[in-house]
Peer 1: 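First the structure, which I've put down as structure tokens, then a few questions once you've had a look.
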Amino acid sequence: MSATLILGGVRSGKSRLAERLARESDREVIYVATAQARDDGELHARIAAHRERRPATWRTVEAPLHLAEALRAHDATGRCLLVDCLTLWLTNLLCADDPALLARERVALFDVLSALRADVVLVANETGLGVVPLGELTRRFLDEAGVLHQRLAAHCERVLLTVAGLPLALKGSLRP
């Protein structure tokens with residue numbers, strides 16, 4: 001198993017990079033989607049654009065809350081599990097009715113990542129590069145995202161940052 005974390009800002013090219021790496025892996029790809037569009041028309045359009053880019057041979061699994069469970073269920077040697085994106089997953093957990101859900105799911109994620117046989121590509125927004133917001137929930141989100149990214153970066157063999165569509169290797173190399 002190899003693990004790659006791809007970080008970047010909104011529209012930085014991180015999802016396209018993740019999709020390219022999954023395609024180039026020559027493995028069966030399971031696309032694990034975490035978005036919940038609900039009544040958000042703009043997010044519906046983003047999800048549709050992502051779906052249109054995916055090859056027909058890729059299977060999509062939706063896991064807005066229980067990411068570790070989805071990874072475990074679809075783990076297999078010779079597969080690539082592409083998770084897009086951890087930022088939306090974290091947002092879903094922070095907005096859930098169960099305040100303890102985030103802690104449980106984070107522990108479950110790290111437990112399963114250590115046991116996966118499949119290669120995994122994780123996509124997340126790097127949100128901590130700007131002004132610290134005034135709202136408590138938004139500050140908590142930034143704190144939680146920062147901690148999650150640091151732990152994932154320590155766990156992953158490769159960490160890439162995308163800026164203006166250009167990948168930069170922060171850990172490991174651009175090629176597997």
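Nothing fancy with the numbering, it's 1 onward along the sequence. These numbers come from a predicted model, not from an experiment.
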Peer 1: One thing to verify: whether E157 and K171 come together as a salt bridge, which I'm taking to mean a side-chain N less than 4.0 angstrom from a carboxylate O.
Peer 2: no
Peer 1: Hey, could you give me the CG/CG distance between L122 and L81, rounded to the nearest 0.5 Å?
Peer 2: 9.0 Å
Peer 1: Is it the case that one hydrophobic cluster holds both V83 and V29, taking links as side-chain heavy atoms less than 4.5 Å apart, direct or via other members?
Peer 2: no
Peer 1: To the nearest 0.5 Å, what is the distance between CG (D119) and CG (L21)?
Peer 2: 10.5 Å
Peer 1: Would you say L67 and F141 are hydrophobically clustered, going by side-chain heavy atoms of ILVMFWY under 4.5 Å?
Peer 2: yes
Peer 1: If you measure from the Lys or Arg side-chain nitrogens to the Asp or Glu carboxylate oxygens, is any gap between R140 and E136 under 4.0 Å?
Peer 2: no
Peer 1: For the CZ atom of R79 and the CZ atom of R117, what is their distance to the nearest 0.5 Å?
Peer 2: 9.0 Å
Peer 1: Between the main-chain N or O of L71 and the side-chain N or O of D75, is there a donor-acceptor pair closer than 3.5 Å?
Peer 2: no
Peer 1: Between L113 and L90, is there shared hydrophobic-cluster membership here, with clusters defined by ILVMFWY side-chain heavy atoms closer than 4.5 Å?
Peer 2: yes
Peer 1: Got a second to check how far T34's OG1 is from L65's CG, nearest 0.5 Å?
Peer 2: 9.5 Å
Peer 1: Just jot down the side chain to side chain contact (heavy atoms under 4.5 Å, CB included) partners of S12, sequence neighbours excluded, or say none.
Peer 2: K14, T162
Peer 1: Looking at R27, I'd like to know if its CZ atom is crowded, meaning that more than 12 non-hydrogen atoms belonging to other residues, nucleotides or ligands lie closer than 6.0 Å.
Peer 2: yes
Peer 1: Between R54 and T60, is a side-chain hydrogen bond (donor to acceptor under 3.5 Å, both in side chains) present by the stated rule, with each step listed?
Peer 2: CA-CA 9 Å; R54 288 181 222 149; T60 299; 2.8 Å; yes
Peer 1: Do the side chains of E69 and R104 get close enough for a salt bridge, i.e. N-O under 4.0 angstrom?
Peer 2: no
Peer 1: Hey, what do you get for OG1 (T87) to CG (L7), rounding to the nearest 0.5 Å?
Peer 2: 8.0 Å
Peer 1: Are side-chain heavy atoms of F110 and R151 found at a separation under 4.5 Å?
Peer 2: yes
Peer 1: I'd like to know if the side chain of N125 and the backbone of T127 have a donor-acceptor N/O pair within less than 3.5 Å.
Peer 2: no
Peer 1: How long is the span from the CG atom in L160 to the CG atom in L168, to the nearest 0.5 Å?
Peer 2: 8.5 Å
Peer 1: Given the rule that I, L, V, M, F, W and Y join up when any side-chain heavy atoms are under 4.5 Å apart, are V121 and L86 in one cluster?
Peer 2: no
Peer 1: Check this for me: does any side-chain nitrogen of one of E19 and R23 sit under 4.0 Å from a carboxylate oxygen of the other?
Peer 2: no
Peer 1: Within a strict 4.5 Å, meaning less than it, do heavy atoms of the E144 and L102 side chains meet?
Peer 2: yes
